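As structure tokens, the structure follows; a few thoughts come after it.
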There are 2 protein chains.
Amino acid sequence: MKLKSMDISATASASTIVFNALRKAIIEGQLEEGEPLRQDEIARLFNTSRIPVREAISRLQEQGLVRTQRYKGAVVAGLSPKETAEIFDLRALVEPEIIRDAVPRMSKELLAEAREKCAAFSSATDPMAYGDLNRDFHETLYSASELKFFQEIADNAIDRVERQIRAQLVMSNGMERAGREHFGILEACENGDADLASKLTRDHIQGAKASLLKHLKQD
Amino acid sequence: MKLKSMDISATASASTIVFNALRKAIIEGQLEEGEPLRQDEIARLFNTSRIPVREAISRLQEQGLVRTQRYKGAVVAGLSPKETAEIFDLRALVEPEIIRDAVPRMSKELLAEAREKCAAFSSATDPMAYGDLNRDFHETLYSASELKFFQEIADNAIDRVERQIRAQLVMSNGMERAGREHFGILEACENGDADLASKLTRDHIQGAKASLLKHLKQD
DNA sequence: ATATTGAATATTGGATCCAATCTGGTTTAT
DNA sequence: ATAAACCAGATTGGATCCAATATTCAATAT
């Protein structure tokens, strides 16, 4: 008798677990900019040795989420206002292309799911959840696209400014404006208007950039 | 007596040396697609232990240059024709923006250097050097741009298709056409015409993509 | 002959130990 | 008092060793 193939979900390696946990902690702002990542301390936290921690850190460095100096260790990477602006410009270039590719591939089910997430975002009351709900909505729409490298770029770019996005959402009008723009993007998707969805996505990102930069004085 | 601060050029760590060497070997095609990277073998090659090798491999994985499977190791990543096409589309989106940003920042010296490299490319006779000379020309122009994240994206994208670019250059007309287009781009830069330089860069990339895809049957 | 089992080998993932470098406070010379 | 020299702890980079898993191939059963 033959058994089903079962796929034991491949319990991730320690280095991957540490990598994901640190990445999450960084983009959610639980670890502040400039805060040093002590290998020993992290290893104890995860009940492992420093080896998988070092692998995780080197991957985070490759993603630009931490900076390391030889014999001095890694610190959470911060962004200058100029760098933040550049990341938003990159997003404003790439993400409209993703959604343009995605629109003709969106199923009824996906659009229904997106509508739910759009509503969940607009009715959210816990500021801690704003960031996740926002990202959840956008990624749902993007997931219909087959442009996986574009999505990699967008994911990484969003990672790098996730903290600023969260800050922007709790600013006055942040949630209200984002919610309105989300509905507009969603509607364009439902109407199959890829060009409009693309344009609204670009406006959404550039609006967030402008709103954010107003609050960042120095350079 | 005090010594000059001397900056011993920070003799890179072993893991960085291995990372750079492997990256170079992969993008130059010395390691073929699907070829497994044996930690032990690489460690012996560089007279180190497997620890820095593993760090190097995890960084290469993060860059998409290798794929790894748990307990099975890493293999050099290959690209399907569809993936190759997507990378070229990404380049065609990002690199025109880089050169648009770069043109108004190009000094006389930089333009002279670019002209030399353009000529060096056109008069090259060694097919082994085509790839380096091509990249050298483009990176010289791009280096005037202040968009460092855009450049990161472009660098990584070029890394991933470097082998195909080299193949395309040795194909009939490859060098001749590229050389002609390089001169066009350079001229636009010298004339300070950022829009034209941007457009020609996009055409250059899309032309390379088209020429390449004609030779890739399956998907 | 073919397919399955199982042991030997190869290879990766991780832990522990050592060496190299950094950091901070203390000492010492002027 | 100030600044250079220096010593001790902290921290990172790397080597060696062990455990977990994969792969290969011979032995066996059908």
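Since this is a predicted model, take the numbers as computed values, not measurements. Proteins get letters first, then strands, A, B, ... in listed order; numbering begins at 1 in each.
For a distance-only test at 3.5 Å, the side chain of B:R54 qualifies as a donor-acceptor partner of the base of C:dG14. Remark: the B:R50 side chain and the C:dG13 base include a donor-acceptor N/O pair separated by less than 3.5 Å.
Mapping A:T48 and B:G73 onto DNA chain C by nearest heavy atom places B:G73 at the nucleotide closer to the 5' end.
Relative to the side chain of B:S49, the nucleotides C:dT21, C:dG13, D:dG14 differ in distance, and D:dG14 lies closest. Side-chain proximity of A:S15 to the nucleotides C:dG14, C:dT23, D:dT11 is greatest for C:dG14. For B:A14, the side-chain atoms get nearest to D:dG14 when compared with the rest of C:dT12, C:dG14, D:dG14. For A:Y71, counting side-chain heavy atoms from C-beta on, the closest listed nucleotide (D:dG14, D:dA15, D:dT12) is D:dT12.
Phosphate contact (OP1/OP2 of C:dT21, side-chain N/O of A:Q69, threshold under 4.0 Å): absent. Between A:R70 and C:dC22, a side-chain N or O to OP1/OP2 separation shorter than 4.0 Å is absent. A sub-4.0 Å separation between OP1 or OP2 of C:dT23 and a side-chain N or O of A:K72 is present.
What separates CD of A:Q61 from C1' of D:dG13 is a distance of 14 Å, to the nearest Å. As rounded to whole Å, 13 Å separates atom P of C:dG14 from atom CD of B:E55. Taking atom CD1 on B:I57 and atom C1' on C:dG14, their separation rounds to 15 Å, with Å as the unit. In this structure, A:I42 atom CD1 and C:dG14 atom P are separated by 15 Å, rounded to whole Å. Atom CG of A:N47 is separated from atom C1' of C:dT16 by 16 Å (rounded to the nearest Å). Rounded to whole angstrom, the span from the CG atom of A:D40 across to the P atom of C:dA15 amounts to 12 Å. Across the protein-nucleic acid pair, B:I51 atom CD1 and C:dT11 atom C1' stand 14 Å apart, rounded to whole Å. Rounded to whole angstrom, the span from the CZ atom of B:F46 across to the P atom of D:dG14 amounts to 13 Å.
No donor-acceptor contact under 3.5 angstrom links the side chains of A:T201 and A:E95, judged on distance only. Judged purely by distance below 3.5 Å, without hydrogens or angles, the side chains of B:T84 and B:Q164 pair a donor atom with an acceptor atom. Under 3.5 Å, the side chains of A:S143 and A:T140 contain no donor-acceptor pair of N or O atoms.
Between the side chain of A:Q168 and the backbone N or O of A:G174 there is no donor-acceptor pair closer than 3.5 Å.
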For side chain to side chain contact (heavy atoms under 4.5 Å, CB included), just list the numbers for B:L93 and A:L93, CA-CA rounded to whole Å, side-chain angles, deciding distance to a tenth of an Å, and then say yes or no. CA-CA 8 Å; B:L93 187 69; A:L93 186 70; 3.7 Å; yes

